[in-house]
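Predicted model only: the values in this text are computed from it and were never measured. The figures that follow rest on heavy atoms only: side chains count, while hydrogens, waters and symmetry mates do not. Naming convention: chains lettered A, B, ... in sequence-line order (proteins, then strands); numbering from 1 in each chain.
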Number of protein chains: 2
Amino acid sequence: MKKQNTEIRQQQIKRAVLEIIASEGLAQLSTRNLAKKIGLSEGAIFRHFKRKQDIILAIIQDIRTDMLERMCVVARQDAPADKRLFKMMCIQVKYILKNEGINILLFSEAAHYNDSVLKREIHDILSSQKKIFKDVIKSGISEELWSDRINVDDVVMLYMGIPINLNIELVLNRKGLKTESFCKRMFALFSNILINQ
Amino acid sequence: MKKQNTEIRQQQIKRAVLEIIASEGLAQLSTRNLAKKIGLSEGAIFRHFKRKQDIILAIIQDIRTDMLERMCVVARQDAPADKRLFKMMCIQVKYILKNEGINILLFSEAAHYNDSVLKREIHDILSSQKKIFKDVIKSGISEELWSDRINVDDVVMLYMGIPINLNIELVLNRKGLKTESFCKRMFALFSNILINQ
DNA sequence: AATATAAGTAAGTGATTACTTATGAAAAAA
DNA sequence: TTTTTTCATAAGTAATCACTTACTTATATT
């Protein structure tokens with residue numbers, strides 16, 4: 001195998017991890033299987049990541065930059081809150097569908113190993129999402145788009161069920177999910193709640 | 001170890017499994033650790049369950065009888081739909097809190113081993129829950145308690161996020177959950193949705 | 001009391017796990 | 001060109017996994 005520097009190898013390893021999880025399941029994510037997938041020796045993996053868990057943590061960091069930060073950018077845009085909320089929902093739903101429930105699988109990994117570091121990371125991501133949505137909803141209330149009688153915390157909790165539900169149904173091999181209309185339907189439903197509270 | 005018949009041992013084994021999952025995590029659920037917890041030899045486990053997976057499947061069956069069937073009984077009671085809905089939510093939330101997110105942990109097990117039988121079982125339980133709620137909401141619409149403009153499927157999906165969220169937050173060691181008021185708050189929020197759609 | 005059966009154990013099985021060590025070779029720096 | 005550093009590998013490591021085997025013992029039935 002031709003030599004490559006650590007950065008390139010780290011990218012390859014992370015990509016291979018996601019492929020294995022999506023196609024074979026978490027239990028098949030052994031360092032042996034991982035090395036085989038890339039075409040490297042098993043030992044080489046440990047040159048680029050000190051521990052197997054560090055690969056998972058690096059992937060979680062990628063979720064932060066690929067999904068959370070993009071949602072954050074939209075949340076700060078100069079546009080009406082309802083437009084921003086819709087865009088944020090789209091980013092999240094598209095990311096989940098593109099990555100086939102990868103974040104809930106990472107949750108499963110955290111639950112499986114009862115790993116407090118991993119649990120904390122997942123918890124932080126969920127909290128960040130909540131905070132972003134909370135701010136946009138508050139902003140929509142000041143813009144007088146939505147009722148000022150709504151309990152923002154309750155509504156955000158209700159909202160969070162949508163992506164989590166989607167993740168779980170993807171993992172459980174749900175058929176017949178109309179991906180195209182999903183975002184619009186959920187946004188319409190959620191708008192009603194925000195207006196009519 | 002004194003001899004006991006299979007029924008008693010099966011109960012002991014199932015209880016020990018739940019204790020290990022709750023206190024040590026799924027990864028510590030080895031047949032060795034399980035036997036040690038009960039005070040039996042490892043081989044004795046396999047006299048009472050053919051495979052380790054069969055223990056998990058038996059526990060899922062218990063979830064059905066302990067939670068789903070009780071919800072079903074309430075759903076069929078002769079009472080206004082809103083009263084029934086509230087009682088069902090309470091049964092579910094109490095069960096989740098009492099069993100510390102056990103069903104989402106079983107979901108994690110299914111996801112981890114990519115086990116189609118287990119996945120199917122979890123999916124069936126979620127589907128059954130949805131069906132029960134759907135019927136009660138429809139009943140509430142005929143009783144003219146709630147708006148007939150609501151899309152029942154969407155609302156049920158939104159509802160399902162509540163228990164799933166609760167499960168996940170329990171696994172991720174959320175602090176400061178006001179368990180007492182949780183049910184009432186969520187029911188109030190959900191009632192508004194059903195009335196104002 | 002003799003016998004059959006169910007429930008128990010100790011000590012394995014091979015497979016797999018994450019990770020290490022010793023060694024060598026390619027690439028980069030001197 | 002020589003030296004140094006980085007990356008790769010083959011071949012380990014001890015630990016753990018679900019599960020089995022061979023055998024023993026308690027209990028229920030005849």
Whole-Å gap separating [atom2] ([N]) and [atom1] ([X]):
X      : N      : atom1 : atom2 : value
A:K36  : C:dA18 : NZ    : P     : 14 Å
A:I45  : C:dT17 : CD1   : P     : 13 Å
B:L26  : D:dA18 : CG    : P     : 12 Å
B:F49  : C:dA7  : CZ    : C1'   : 15 Å
B:L40  : C:dA10 : CG    : P     : 11 Å
B:M1   : C:dA10 : CE    : C1'   : 15 Å
A:Y113 : C:dA18 : OH    : P     : 7 Å
B:R9   : C:dA7  : CZ    : P     : 10 Å

What one-letter contact string describes nucleotides 25-30 of chain D from 5' to 3', where B marks a base within less than 4.0 Å of any protein heavy atom, S marks contact via sugar-phosphate atoms alone, and - marks no contact?
-> BBS---
Base, backbone or nothing for each nucleotide of nucleotides 12-17 of chain D, written B, S, -, heavy atoms under 4.0 angstrom, 5' to 3'?
-> -----B
Hydrogens and angles aside, do [X] and [Y] bring a side-chain donor and acceptor to less than 3.5 Å of each other?
X     : Y      : result
B:S23 : B:E19  : no
B:H48 : B:T6   : yes
B:Q53 : B:D115 : yes

According to a strict under-4.0 Å criterion, is A:H48 in side-chain N/O contact with OP1 or OP2 of D:dA8?
-> yes
Salt-bridge criterion met for [X] and [Y] (N-O under 4.0 Å):
X      : Y     : value
A:E121 : A:R64 : yes
B:E69  : B:R76 : no
A:E42  : A:K52 : no

Looking at D:dC19, D:dT9, C:dT20, which one has an atom nearest to any side-chain atom of A:A44?
-> D:dT9
A:S41 side-chain proximity, nearest of C:dC19, C:dT9, D:dT9 = D:dT9
B:D153 CG to A:L189 CG distance, which is reported to the nearest 0.5 Å = 11.0 Å
Once you round to the nearest 0.5 Å, how far does CD of B:E109 lie from CD1 of B:I122?
-> 9.5 Å
Look at the side-chain heavy atoms of Ile, Leu, Val, Met, Phe, Trp and Tyr, link any pair under 4.5 Å apart, and say whether B:Y113 and B:V171 land in one connected group.
-> no
Determine to 10° how strongly the helix from C:dA1-D:dT30 to C:dA29-D:dT2 is bent, judged from the axes of its five-pair ends.
-> 0°
Decide yes or no, distance alone: a donor-acceptor N/O pair under 3.5 angstrom between the base of C:dA6 and the side-chain of B:R47.
-> no
Least distance between heavy atoms, A:S147 atom then A:I195 atom = CB-O, 3.7 Å
